[in-house]
Protein chains: 2
Amino acid sequence: MTNSDKKKYRLRAEIVKAMAHPTRLFFMNELAKGKQSVNALREMVGCDISTVSKHLSVMKKAGIVVDEKVGNQVFYSLKLPCIMSFVACIETLIKENAVENISCL
Amino acid sequence: MTNSDKKKYRLRAEIVKAMAHPTRLFFMNELAKGKQSVNALREMVGCDISTVSKHLSVMKKAGIVVDEKVGNQVFYSLKLPCIMSFVACIETLIKENAVENISCL
DNA sequence: TTCCTTTTTGGCAAAACAGCCAATTGATGT
DNA sequence: ACATCAATTGGCTGTTTTGCCAAAAAGGAA
């Protein structure tokens, strides 16, 4: 594995890691429907606003979402909708796994 | 967020987490080309065989890979090739981000 | 059986992550 | 200026993850 390969996989991992959390996957789902303020997202998940803000900052740093200030508040939106096709694939995998579990009974 | 929603996102996160590591993303790439033994993968990445085995076991538990015993050794292969289309999407995102960084100079 | 090869498991210490509170920053209005 | 609302940041603790070594399984060959 070359050095630039290592960099490549580290870069990919940074993005995948930024999705690897239930709350952040939920945000992706909501933001795919349209932009939302930090507080609106907070209300949906019910945890501390600082926690929400930190989740969003991780996603922003990875380039998954973009933020936009409107007056007092900050709206986040999904940067690349193609990201959601990946979620569809994950769902396929979940269904596959479920079928397998059933056949193992 | 309903209870079954929470479960849904936890389930998704489990799979995404199993990909969220440079070494594991590299393995996905290699296994997409064809099955490989644990030791062959170890030689590619250069870390301890126990580390490799644990990475693979995480991926297997998540349903990303399947294993197959052949005599002495164990071969792993990618379960759902569709997973790799997600990597393509990540690459798009990386390129997008790179372009943005350039325009910020 | 004994030896050798391949892989998995247990255990441990270092590093990274999650989520809360408190304090701060930023924008708006009085 | 002051108060208020929205969001971010710092700091802290508890949890999870990583990656190594050593030990144990699991096969195959002598």
Side-chain angles (χ1 to χ4, degrees), chain A residues 1 6-7 9-28 30-31 34-78, chain B residues 1 6-7 9-28 30-31 34-78:
Chain A
M1 180 139 67
K6 280 185 195 167
K7 197 177 286 182
Y9 289 105
R10 265 201 297 266
L11 211 48
R12 284 186 190 177
E14 207 179 311
I15 293 174
V16 181
K17 265 198 237 178
M19 303 186 196
H21 191 286
T23 303
R24 301 207 279 256
L25 287 168
F26 171 76
F27 287 168
M28 282 172 58
E30 290 308 307
L31 297 180
K35 56 184 64 173
Q36 291 286 355
S37 73
V38 179
N39 200 52
L41 292 168
R42 190 204 65 81
E43 276 168 10
M44 295 181 206
V45 295
C47 60
D48 198 273
I49 184 99
S50 72
T51 304
V52 173
S53 177
K54 277 176 185 171
H55 277 310
L56 290 168
S57 117
V58 169
M59 295 168 84
K60 181 186 164 190
K61 199 173 157 197
I64 297 171
V65 297
V66 285
D67 62 340
E68 171 195 359
K69 242 169 217 162
V70 177
N72 213 2
Q73 42 199 350
V74 179
F75 285 84
Y76 281 86
S77 51
L78 202 60
Chain B
M1 181 141 65
K6 280 185 196 167
K7 196 176 284 179
Y9 290 105
R10 265 201 296 267
L11 212 48
R12 285 186 189 177
E14 210 176 307
I15 294 174
V16 182
K17 265 201 239 177
M19 303 186 194
H21 191 285
T23 303
R24 301 205 280 256
L25 286 169
F26 172 77
F27 286 167
M28 282 172 58
E30 290 308 306
L31 298 179
K35 56 184 64 172
Q36 292 285 356
S37 73
V38 179
N39 200 52
L41 291 169
R42 189 205 66 81
E43 276 169 10
M44 294 181 206
V45 295
C47 61
D48 197 274
I49 185 102
S50 72
T51 303
V52 172
S53 176
K54 277 177 186 173
H55 277 309
L56 290 167
S57 115
V58 168
M59 296 168 84
K60 180 185 163 190
K61 198 173 157 196
I64 297 171
V65 299
V66 286
D67 63 340
E68 171 194 0
K69 241 170 219 163
V70 177
N72 214 2
Q73 42 199 348
V74 179
F75 285 85
Y76 281 86
S77 51
L78 203 61

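Proteins come first, then strands; the chains are lettered A, B, ... in the order of their sequence lines, and each starts at number 1. These numbers come from a predicted model, not from an experiment.
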How long is the line joining [atom1] of [X] and [atom2] of [N], in whole Å?
X: Asn72(B); N: dA25(D); atom1: CG; atom2: P; value: 17 Å
X: Lys61(B); N: dT8(C); atom1: NZ; atom2: P; value: 15 Å
X: Tyr9(A); N: dT18(D); atom1: OH; atom2: P; value: 18 Å
X: Met19(A); N: dC17(C); atom1: CE; atom2: P; value: 16 Å
X: Glu43(B); N: dT6(C); atom1: CD; atom2: P; value: 9 Å
X: Phe75(A); N: dA27(C); atom1: CZ; atom2: P; value: 16 Å
X: Met59(B); N: dT18(D); atom1: CE; atom2: P; value: 12 Å
X: Leu41(A); N: dT8(D); atom1: CG; atom2: P; value: 11 Å

Candidates [options] - which lies nearest the side chain of [X]:
X: Ser53(A); options: dG26(C), dG10(C), dT9(D); result: dT9(D)
X: Lys54(A); options: dT8(C), dC20(D), dG19(C); result: dG19(C)
X: Ile49(B); options: dT8(D), dG19(C), dT7(C); result: dT7(C)
X: Val74(A); options: dT8(D), dC21(C), dT7(C); result: dT8(D)
X: Thr51(B); options: dT8(C), dG19(D), dC5(D); result: dG19(D)
X: Asp48(B); options: dG19(D), dT8(C), dC20(D); result: dC20(D)
X: Ser37(B); options: dT7(C), dA22(D), dA7(D); result: dT7(C)
X: Gln73(B); options: dT7(C), dA18(C), dT9(D); result: dT7(C)
X: Ser50(B); options: dT8(C), dA27(C), dT5(C); result: dT8(C)

Contact class for [X] (heavy atom, under 4.0 Å): base, sugar-phosphate, or nothing?
X: Arg42(B); result: nothing
X: Tyr76(B); result: sugar-phosphate
X: Asn39(B); result: sugar-phosphate

Within 6.0 Å of CD in Glu30(A), more than 12 heavy atoms from elsewhere: yes
Least distance between heavy atoms, Ile15(A) atom then Ala62(A) atom: CG1-O, 3.7 Å
Interatomic spacing from OH in Tyr76(B) to CG in Leu56(B) - rounded to 0.5 Å: 5.0 Å
Under-4.0 Å side-chain N/O to phosphate OP1/OP2 contact, His55(B) with dT17(D): no
Parallel, tilted or perpendicular: ring planes of Tyr9(A) versus Phe26(B), cut at 30 and 60 degrees: perpendicular
Worked check of side chain to side chain donor-acceptor pair (under 3.5 Å) between Asn39(B) and Ser37(B): CA-CA 5 Å; Asn39(B) 200 52; Ser37(B) 73; 5.8 Å; no
Base of dG28(D) paired with side chain of Lys69(B) (donor-acceptor, under 3.5 Å): no
